[in-house]
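Structure first, commentary second.
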Protein chains: 2
Amino acid sequence: MSDADTPLVLIVDDEPAQVALLSYNLKAAGFRIATAKDGEEAVLAVAELGPDVILLDWMLPRLSGLEACRQIRATPEGREASIIMVSARSEEGDRVRGLDTGADDYIIKPYSVAELIARVRANLRRLRPTSTGQALQYNDIRLEPDSYRVMRGSENLHLGPTEFRLLAAFMERPGKVWTREALLDRVWGRDIYIDTRTVDVHVGRLRKTLCAAGGDDPIRTVRGAGYAMG
Amino acid sequence: MSDADTPLVLIVDDEPAQVALLSYNLKAAGFRIATAKDGEEAVLAVAELGPDVILLDWMLPRLSGLEACRQIRATPEGREASIIMVSARSEEGDRVRGLDTGADDYIIKPYSVAELIARVRANLRRLRPTSTGQALQYNDIRLEPDSYRVMRGSENLHLGPTEFRLLAAFMERPGKVWTREALLDRVWGRDIYIDTRTVDVHVGRLRKTLCAAGGDDPIRTVRGAGYAMG
DNA sequence: CCGAGATATGACAGGGATGTGACAATTTTC
DNA sequence: GAAAATTGTCACATCCCTGTCATATCTCGG
């Protein structure tokens, strides 16, 4: 695993020219880069940095790409990463061997930069299961729809289902002022006969939980209208 | 999602000869097979069967492979699957477009059966590690699909088959919240008529066994939604 | 400063969702 | 074929969530 924001790509190749070319293009595409020039360095770098994607040249001094792949897969950090083998050979035997050793993908020289980047992106996409439901973020508050989790800063908050949906509504449209009626529709569902004052109570509870984690109240009361986040 | 044991591969191609060839070889490799002969059928089949891997021909009648890919990705079941585009075109533009549309992998005709199977396996490995015998680890809990063993710390745990599959489901996607219905599909199998409350009982049993080995409860109850690991 | 309307908050009871032990049916093991 | 293990269901206990009310506090126009 790597830092939250930009994915880290580890380039493993013994030819400086190749490394420079790849680095330049991947940086331009918005990735963070690390490099290693042989298999042993690569294994160490994986353990230390925990890259998201590893571009592994087939022909390497000291430790072959295939063997490096095997060793990387044996480490905890390497198991999480996506390995793309890069090779000049086009024989199918190698390709199969590479994939069966634990590589996730295989790309053959000569390749275009566009394809390489597309492959890196595709591998990243499938690496991150969180991609299904976008996490909502507002300042230091974070809501993950898939895992049903809410965090403020680094603290994990516990919300009941109703308050969870309520917060989700607020965070989906920061700044939007919701009337109590609109919130009842959105959070409680249509055709429901509930006192509009109930919204106040839940907003209050949500505020209490949010503020218990520190920081100021992110929910604004709009007198005569309703509530809004921010 | 699919039945517990053997991975399900959906073959989408309009040429019967192709389908027959692929079916034969993939069955021989130990997969379950389903087929569709155009994009629309494919989208329906995905929703109904929840395959693990989808082999999607680029050229399809009615709905192009690219568009089918997009639609499949828009469904809940399709988001969980691995899509491999199969194409006669070798132009890089198509390849990039395929990967960017949401395909996980790309294979070009003519391909060898060995490579195809290797790619299917490679995609499964990251999608459903247990199906390829990879050990799963979450904190101090370790599950080995091959030897059918579960350990917490250094202690060996004994689980019944159902609880074993249940734990495997949780560990394959740490953090994911499973509804009781989804767990019934994944662990018990589709088309099975069992009280959803039964899930509670098995989660309880699993918890008891896990906690008996020391450490806190790794399974989180999400009220109104289901359960998740971590 | 006052008062009326609007909002905040604590308390509470009811209900729904979940946890859990018991048990019989079924399968597996020896 | 008998003993042991596994499994699905039920009943009951428990806990958490939730809607409502009563009261306190606040806001704003006078």
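Letters A, B, ... are given to chains in the order of the sequence lines, protein chains preceding strands, and every chain is numbered from 1.
Counted by atom type alone, A:E144 and A:S147 present one or more donor-acceptor pairs between their side chains at under 3.5 Å.
Ring geometry for B:F164 against B:Y148 counts as parallel: the plane angle stays under 30°, on a 0 to 90° scale with 60° as the upper cut.
Salt bridge A:R165/A:E163: absent, no basic N to carboxylate O contact under 4.0 Å. In this structure, B:D104 pairs ionically with B:R73, as a charged nitrogen and a carboxylate oxygen lie closer than 4.0 Å. Ion pairing between B:R119 and A:D105 holds under the 4.0 Å rule for side-chain N and carboxylate O. Taking the charged nitrogens against the carboxylate oxygens, B:K176 and A:D146 have no contact shorter than 4.0 Å, which rules out a salt bridge. For A:E155 and A:R152, the salt-bridge test fails: no basic side-chain N is under 4.0 Å from an acidic carboxylate O.
Between B:W188 and D:dT7 there is no side-chain N or O to OP1 or OP2 distance below 4.0 Å. Distances shorter than 4.0 Å separate some side-chain N or O of B:K208 from OP1 or OP2 on C:dG21. Taking only side-chain nitrogens and oxygens, A:H158 never comes nearer than 4.0 Å to OP1 or OP2 of D:dC16. The phosphate of C:dA8 (OP1 or OP2) has a side-chain N or O of A:Y227 nearer than 4.0 angstrom. Here B:T221 reaches the OP1 or OP2 of C:dG19: one of its side-chain N or O atoms lies under 4.0 Å away.
If you take NZ on B:K37 and CZ on B:R62, they are separated by 8.5 Å, rounding to the nearest 0.5 Å.
In this entry the distance linking CZ of B:F164 with P of D:dT7 reads 12 Å, nearest Å. The distance from atom CG of A:L166 to atom C1' of D:dG19 is 14 Å, rounded to the nearest whole Å. Atom CG in B:L183 sits roughly 13 Å away from atom P in C:dT18 (whole-Å rounding). Across the protein-nucleic acid pair, B:D200 atom CG and D:dG8 atom C1' stand 13 Å apart, rounded to whole Å. Atom CZ of A:R220 and atom C1' of D:dT27 are 16 Å apart (whole Å). The interatomic distance linking B:I192 (CD1) with D:dG8 (P) rounds to 8 Å, in whole Å. In this structure, B:I219 atom CD1 and C:dT18 atom P are separated by 15 Å, rounded to whole Å. The OH atom of A:Y148 sits 14 Å away from the P atom of C:dA17 (whole-angstrom rounding).
In the set D:dA5, D:dT18, D:dT7, the nucleotide with an atom closest to the side chain of B:T162 is D:dT7.
You'll find the side chain of B:L116 reaches within 4.5 Å of the side chain of B:L22, heavy atoms only.
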Find every protein N or O atom lying less than 3.5 Å from an N or O atom of nucleotides 9-15 of chain D, and list the pairs.
unit_1, atom_1, unit_2, atom_2, d
D:dT9, OP2, B:D195, N, 3.1
D:dT9, OP2, B:T198, OG1, 2.7

Which atoms of nucleotides 27-30 of chain C (N or O only) lie under 3.5 Å from a protein N or O atom, and what are those distances?
none

Subject >> side chain to side chain contact (heavy atoms under 4.5 Å, CB included) evaluation trace for B:L124 with B:D52 >> reply: CA-CA 7 Å; B:L124 267 175; B:D52 299 290; 4.0 Å; yes
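Listed here is the closest heavy atom pair of B:L10 and B:V46: CD2-CG2, 3.7 Å.
Within a 6.0 Å radius of CG in B:N156, more than 12 heavy atoms belonging to other residues, nucleotides or ligands are found.
Between its two ends, the helix from C:dC1-D:dG30 to C:dC30-D:dG1 turns its axis by 40°, counting five pairs per end and rounding to 10 degrees.
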